[in-house]
Amino acid sequence: MSSNSGIQIPSRLPLLCTHDGVLLPGSTMRISVDTARNMQLVKSRLLKGTSLQSTIIGFIPNTRDPEHDSDELPSLHSIGTAGLVVQVVGSNWPKPHYTLLITGLCRFRVTQLLREKPFPVAKVEQLDKLEQYTEGDQADGELEELSQRFYQAAVQLVGMLDMSVPVVAKLRRLLDSLPKETLPDVLASMIRTSNKEKLQVLDAVDLEERFKKALPLLTRQIEGLKLLQKTRKLRPDDDKRVLAIRKGGVFPGRQFSLDEDGEDEDGDDTAMLEKKVKAAAMPEAALRVCLKELKRLKKMPQSMPEYALTRNYLEMMVELPWSKSSTDCLDIRAARVLLDNDHYAMEKLKRRVLEYLAVRQLKSTLKGPILCFVGPPGVGKTSVGRSIARTLGREFHRIALGGVCDQSDIRGHRRTYVGSMPGRIINGLKTVGVNNPVMTKTNMGCIVVLPRLTVLDPEQNHSFTDHYLNVPFDLSQVLFIATANTMATIPPALLDRMEVLQVPGYTQEEKVEIAHRHLIPHQLEQHGLTPQQLQIPQDTTKDIISKYTREAGVRSLERKIGAICRAVAVKFAEGHKVFRAESPTEQHNKEEDSGIAAPPEMPIVIDPIALKDILGPPVFEMEVSERLTLPGVAIGLAWTPMGGEIMFVEASRMEGEGQLTLTGQLGDVMKESAHLAISWLRSNAKTYLLTNGSADPLEGTDIHLHFPAGAVTKDGPSAGVTIVTCLASLLSGRLVRSDVAMTGEITLRGLVLPVGGIKDKVLAAHRANLKRVIIPKRNEKDLEEIPPRVRADLDFVFASTLDEVLNAAFDGGFPAAVSHPQVVSKL
């Protein structure tokens, strides 16, 4: 439509009187209809009409005060707007009403009111006839100047708005395509103006007067936006966009609207999100994906479910530390002091950390190592990871993998699923906010292998792809520390990609030092006590370790110390309650009545008597010598995920048919070791005088071999030498030395083969106060890992054959009746 001259309205129009606002030609607005006259107009004219002409009605502003409105027809305003009803929506809540969507067409003047009921109908005269101006020949200079000034002000107003908002860009294009005579009505309907001001623009039939009425309103809006922009410069954190533009539109077929404040804020949030994406320093691949998703987000209505999913994805991408990293502290001396202060012993782990620092000083682009600490519970595997983070000056994050059976927990869910979210690795990086933290993963033996291979492979983790992000993320700078109680449950493919560091259990001396350096001060602080109030001597600590705990770590020891602190806290609480009595007489009476003692003398020293009162009778007794008072009993050494343990092997014989009975919930390997031992003894019975007058020592005899603690599953080859010694004691009637423990695998030819877990087994023997330990000759190299104090307290016998084992296990040796040549192992 080139001008309003093409609009021809009917000469008779039904009139709609309302307080909802002023409809100007070229604008679109929603009007609520609830009065009787207006409701009847909608029902009779709009809902029943079938022609296009029936959808054109006259809109008359009701200038009467709404508070004093009545059912009578008000005096009609002389100027109105003919409008085209585009949409009619009815509703019964909260009361019956219609909502009309009307687009203004042109002005008219009421010349005669034809009827008032059921709705007013009037004879009208069309006023907007602008042929003279649109022709351009007869336009005077002043009107041309006004229209040009108004156009420039409109362009300035649109230029002050955010052109990234689609509706603003559309308005800018319309300014160039619309006839200039329509601009006063269109802009006046959009900018923030009162109904009185809009009514003045409506009454301005003359075009020059209309420009003069609308131009001050437009100028005022521009000045307001300038003031807001200055305010936003002073407060850069204020993300709220204030646009003083209401809903509006242009001629039919060219409708558009500027969003209200809430939607403007959302558009501004989208712009802020775009700035964050560009400032996140993402890799090119991730940035390309984010810009693509951001483009989709701008075109997507907020009501779509995918809108929230896409926005959450972009916010996650923005919050990830693509290029943020912490600066490493590479002072080796300070690191050594910090590690020594945090942890006692654990020299191998400390040395590995210092080696990493030294290499980082020489090469700044070193990839983060992937370490795996394997050891019994309670030895400090996880806490040493936290100390490493403090030493390096990095952030620390712990991921507990116990019970994880779904790879989506680690690598995230794909965004096609409802409730999808990133995996624990990406969430951990988002939490710490840097891309080079120290990340500890506990219980490595409890997870599936496939999703972890790329994370724990130094050659692959530079491009780790989370299912949720679906773009590569560089994990090569992360220092991964995995912990496990045993390597047996870690899949070989995963174990091959990690640097395994064994963390053995503590000796008694190390536990005493740990208790007095760390555990006791920590428990005193936790229970509100001071060293001046409670003292635990080293002898008492040794009693706690030997009589009340039997573990490789120090968790039970810390719990026992906590129990002592609680008992002392009760004594102090009772004493303070008496001390706050009002008079000495009342104190004496209360002591006699309740038996509560006076405040204890400080410091309270825990002696063996007090220890027994608090913790009860000893849980573990040294029963080694008592259990070896009969032939057929020997002590073996076993390795468990909880550390080393001593293991008794008992045998008895009875009349029978030469059968062997095995009990104690044994595995297949252990049963085979027992059969090997019987076969070797039967083949060498004459050599060691075990025949008792017959060629076969089992003739007419059944042997029962039992491993106590029958509820515990046992398996492994290292009990072979212990079974041979036990059976040799049974068949010879001689007692095995009560201070000897042994371990080693046997062969049918009487050779002793090496076994694993030597350090934990030796420490278990030392805890049990044994004096001699028999181990395979080829395990002699493993003694270097054992603390010197332990090695000094024990007598080690290195055996390569069972003959050497038997000679070391019995007092005076176990001499053979016939000498036989030495068998040398060729394995």
Side-chain angles (χ1 to χ4, degrees), residues 623-625 627-628 630-640 644-653 660-681 684 688 690 703-710 712-732 734-748 750-758 760-766 768 770-777 779 794-811 814:
E623 55 179 356
V624 175
S625 59
R627 296 186 66 168
L628 271 73
L630 294 174
V633 181
I635 302 175
L637 297 174
W639 180 91
T640 68
E645 294 287 344
I646 64 170
M647 177 178 61
F648 290 92
V649 180
E650 300 175 352
S652 64
R653 61 190 300 181
L660 175 64
T661 303
L662 300 174
T663 56
Q665 203 171 160
L666 309 181
D668 292 338
V669 178
M670 215 163 189
K671 292 178 181 178
E672 292 174 357
S673 296
H675 287 289
L676 275 173
I678 286 290
S679 298
W680 185 83
L681 285 173
N684 293 274
Y688 294 101
L690 303 178
I703 291 182
H704 186 170
L705 199 63
H706 177 65
F707 293 78
V712 179
T713 303
K714 310 170 189 68
D715 201 5
S718 60
V721 295
T722 311
I723 298 173
V724 170
T725 304
C726 175
L727 293 176
S729 172
L730 177 68
L731 297 176
S732 66
R734 299 181 59 186
L735 295 177
V736 180
R737 288 181 52 168
S738 61
D739 60 349
V740 174
M742 61 200 74
T743 183
E745 182 180 357
I746 63 172
T747 70
L748 198 58
L751 302 180
V752 179
L753 303 184
V755 292
I758 291 296
D760 289 322
K761 294 176 180 179
V762 170
L763 293 180
H766 187 261
L770 301 175
K771 300 303 181 184
R772 176 177 290 185
V773 178
I774 304 173
I775 63 175
K777 177 72 173 178
N779 283 118
L794 295 175
D795 175 24
F796 292 97
V797 176
F798 306 105
S800 58
T801 64
L802 285 175
D803 185 60
E804 297 174 0
V805 172
L806 295 177
N807 284 326
F810 292 90
D811 284 326
F814 202 79

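Basis for what follows: all heavy atoms, side chains included, without hydrogens, waters or symmetry-related copies. Bear in mind that the values here come from a model prediction, so they are computed numbers and not experimental data.
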Open item on the list: Using the side-chain hydrogen bond (donor to acceptor under 3.5 Å, both in side chains) criterion, which residues pair with D715? Sequence neighbours excluded.
Closed with: none

- [ ] Measure the spacing between NZ of K761 and OG1 of T640 and express it to the nearest 0.5 Å.
- [x] 10.5 Å

Open item on the list: Could you report the tightest heavy-atom contact between S738 and L770, atom names first, then the distance?
Closed with: O-CD2, 3.7 Å

Open item on the list: For the residue pair H706 / T663, report whether a side-chain donor-acceptor contact shorter than 3.5 Å exists.
Closed with: yes

Task: Residues forming a side-chain contact (heavy atoms from CB on, under 4.5 Å) with L806, sequence neighbours excluded - done: W680, Y688, V724, T725, A728, F810, F814

Task: Test item: side-chain donor near acceptor, T713 and Q665, under 3.5 Å - done: yes

Task: Qualifying residue for side-chain contact (heavy atoms from CB on, under 4.5 Å) with L637, from I774, D760, I646 - done: I646

Open item on the list: Between R772 and D795, does any side-chain N to carboxylate O distance fall below 4.0 Å?
Closed with: yes

Open item on the list: Side chains of V740 and I635, heavy atoms from C-beta outward: is any pair under 4.5 Å?
Closed with: no

Open item on the list: Looking at every non-hydrogen atom in both residues, tell me the closest pair between E804 and A799 and how far apart they are.
Closed with: OE1-CA, 3.1 Å

- [ ] Report yes if the side chains of V752 and P776 come closer than 4.5 Å at any heavy-atom pair, otherwise no.
- [x] yes

Open item on the list: Any non-hydrogen side-chain atom of L730 less than 4.5 Å from a side-chain atom of P631?
Closed with: no

Task: Inter-residue atom distance I703.CD1 - T661.OG1, 0.5 Å rounding - done: 9.5 Å

- [ ] Work out which heavy atom in A764 is nearest to a heavy atom in E645; give both atom names and the distance.
- [x] CB-N, 3.5 Å

- [ ] Looking only at non-hydrogen atoms, find the nearest pair between K777 and S800 and report the distance.
- [x] CB-CB, 4.1 Å

Task: By side-chain contact (heavy atoms from CB on, under 4.5 Å) - contacts of L666 (at least two apart) - done: L662, M670, K671, F707, K714

- [ ] Kindly compute the distance separating OG (S652) from NE2 (H704), expressed to the nearest 0.5 Å.
- [x] 6.5 Å

Open item on the list: Between C726 and V736, is there a side-chain heavy-atom distance shorter than 4.5 Å?
Closed with: no

Task: Donor-acceptor pair, side chain of S673 and main chain of G720, under 3.5 angstrom - done: no

Open item on the list: Distance check, rounded to the nearest 0.5 Å: I723 atom CD1 versus H675 atom NE2?
Closed with: 10.0 Å

Open item on the list: Assess the residue pair L735 and S729 against the criterion (side chain to side chain contact (heavy atoms under 4.5 Å, CB included)); give the C-alpha distance rounded to whole Å, side-chain angles, the decisive distance to 0.1 Å, and a yes or no.
Closed with: CA-CA 6 Å; L735 295 177; S729 172; 5.5 Å; no

TODO: For residues V669 and P717, report the shortest heavy-atom separation together with the two atoms involved.
DONE: CG1-N, 3.6 Å

Task: Pairwise distance OG(S718) to CG(L753) - rounded to 0.5 angstrom - done: 12.0 Å

- [ ] For residues S679 and L748, report the shortest heavy-atom separation together with the two atoms involved.
- [x] CB-CD1, 3.8 Å

- [ ] Kindly compute the distance separating OG1 (T743) from CD1 (I775), expressed to the nearest 0.5 Å.
- [x] 9.0 Å

Task: Check: V755 main-chain N/O paired with N779 side-chain donor or acceptor under 3.5 Å - done: yes

